[in-house]
Asks: 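Just dropping this structure here.
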Amino acid sequence: MEPLIVVDHVNKHFGELHVLKDITTTIHRGEVVVVIGPSGSGKSTLCRAINRLETIDNGTITIDGQALPSEGAALAKLRADVGMVFQSFNLFSHKTVLENITLGQLKVRKRSKSDADKRAMELLDRVGVADQAAKMPSQLSGGQQQRVAIARALAMDPKVMLFDEPTSALDPEMINEVLDVMVGLAKDGMTMVVVTHEMGFARKAAKRVLFMADGEIVEEATPEKFFTNPQSPRAQDFLSKVL
Ligand code: ADP
Ligand code: MG
């Protein structure tokens, strides 16, 4: 398998707090990795470091063989190559749904308006909200907004998609419509890193589970192994609370 994201001995502090402790892991092309662990364990910080929304103190992160650029056009390109979907949708509230999907295509990918519109409509159709294209984000349900956010990231043709608790802010009845889109992406071979507490998704789509606690990767296993036979006391304790 071809490595796509290589995280090598990465450390990160927020002041005195050591939030990433010597993290080393490799995400391979086409792999779906689910990251789980208690709140505050460093999952979001790790995702943000991969997208360079956070700096790291030491260690290295490479994406497709390239070290993370620190600024400028190279950083914009990296952000486009690494699609990110957050808990809180983060759509541009003053733009229509369609404009949300075309903006990055026009500015970063330098596509023509007609190409960008065409691609946007294909993606909105794929995530099941093509009929909402002319609306403003606030007119959509949370589940619809999150699907638009996924389409927006996909429009940049990313090499990898990072999802940070994409369903945590959703009403329960909307969780599955978002997870279904993600399962579809996984089936299509998208490389994905997904922070989630949705164990059903992990069982269905993940190749590997990374369990984090206190800034460390404590356990790494297939979902079957992890959920049925967690090795570390911390994972056993966590699973006893969430399952
Ligand atoms: P998780 O996503 O696993 O809940 P986070 O990566 O968000 O964990 O946070 C890890 C730790 O770092 C937590 O203790 C959190 O309070 C702290 N933290 C996160 N972001 C910041 C920040 N910008 N400044 C200071 N502390 C932070
Ligand atoms: Mg988090």
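Every number for a ligand or one of its atoms is a count from 1 in the order of the listing. Below, all heavy atoms of this structure are taken into account, side chains as well, without hydrogens, waters or symmetry copies.
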Asks: Please state whether G215 comes within less than 4.0 angstrom of ligand 1, counting heavy atoms only.
Replies: no
Asks: How far is atom 12 (O) of ligand 1 from its nearest protein heavy atom, and which residue and atom name does that atom have?
Replies: V19 CG1, 2.9 Å
Asks: Looking at R119 and D115, is any side-chain nitrogen of the basic one under 4.0 Å from a carboxylate oxygen of the acidic one?
Replies: no
Asks: Show me the side-chain donor-acceptor pairs of residues 27-35 shorter than 3.5 Å, one per line, residues at least two apart or across chains.
Replies:
from: H28; atom 1: ND1; to: E31; atom 2: OE1; distance (Å): 3.2
from: R29; atom 1: NE; to: E2; atom 2: OE1; distance (Å): 3.1
from: R29; atom 1: NE; to: E2; atom 2: OE2; distance (Å): 3.4
from: R29; atom 1: NH2; to: E2; atom 2: OE2; distance (Å): 3.1
from: R29; atom 1: NH2; to: D64; atom 2: OD1; distance (Å): 2.7
from: E31; atom 1: OE1; to: H28; atom 2: N; distance (Å): 2.8
from: E31; atom 1: OE1; to: R208; atom 2: NH2; distance (Å): 3.1
from: E31; atom 1: OE2; to: R208; atom 2: NE; distance (Å): 3.1
from: E31; atom 1: OE2; to: R208; atom 2: NH2; distance (Å): 3.4

Asks: Looking at F238, I'd like to know if the NZ or CZ of K241 sits under 6.0 Å from its six-membered ring centre while staying within 45 degrees of the ring's axis.
Replies: no
Asks: Nearest protein heavy-atom contact for atom 19 (C) of ligand 1: which residue, which atom, what distance?
Replies: F14 CE1, 3.5 Å
Asks: Specify whether the nearest protein heavy atom to atom 27 (C) of ligand 1 is under 4.0 angstrom away.
Replies: yes
Asks: Establish whether V97 and I150 are linked, either directly or via other cluster members, by ILVMFWY side-chain heavy-atom contacts under 4.5 Å.
Replies: yes
Asks: What distance separates Q236 CD from N229 CG, expressed to the nearest 0.5 Å?
Replies: 8.0 Å
Asks: Starting from atom 14 (O) of ligand 1, find the nearest protein heavy-atom neighbour and note its residue, name and distance.
Replies: L17 CD2, 3.4 Å
Asks: Can you give me the closest heavy-atom contact between H18 and K21, atom names plus distance?
Replies: O-CE, 3.5 Å
Asks: For ligand 1, which atoms have a heavy atom of P38 less than 4.0 angstrom away?
Replies: 3 (O)
Asks: Please step through salt bridge (Lys or Arg N to Asp or Glu O under 4.0 Å) for the pair R126 and E122, ending with a clear verdict.
Replies: CA-CA 6 Å; R126 176 176 183 177; E122 283 166 12; over 6 Å; no
Asks: Around the Mg ion (ligand 2), what protein N, O or S atoms are found below 2.8 Å?
Replies: S44 OG
Asks: Between R109 and D81 (salt bridge meaning N to carboxylate O under 4.0 Å), is one present in this structure?
Replies: yes
Asks: Nearest protein heavy-atom contact for atom 5 (P) of ligand 1: which residue, which atom, what distance?
Replies: T45 OG1, 3.6 Å
Asks: For atom 8 (O) of ligand 1, is the nearest protein heavy atom under 4.0 Å away?
Replies: yes
Asks: According to a hydrophobic-cluster definition based on side-chain heavy atoms being under 4.5 Å apart (Ile, Leu, Val, Met, Phe, Trp, Tyr only), do I61 and M212 belong together?
Replies: yes
Asks: Can you name the nearest heavy-atom pair linking G65 to T62, along with the distance?
Replies: C-CB, 4.2 Å
Asks: Out of G37, G40, G42, whose heavy atom sits nearest atom 13 (C) of ligand 1?
Replies: G40
Asks: Crowded around K204 NZ? As in, over 12 foreign heavy atoms under 6.0 Å?
Replies: no
Asks: Suppose I only count heavy atoms of S41 and a 4.0 Å limit; which atoms of ligand 1 are within that range?
Replies: 1 (P), 3 (O), 8 (O)
Asks: For atom 3 (O) of ligand 1, what's the nearest protein heavy atom and its distance?
Replies: K43 NZ, 2.8 Å
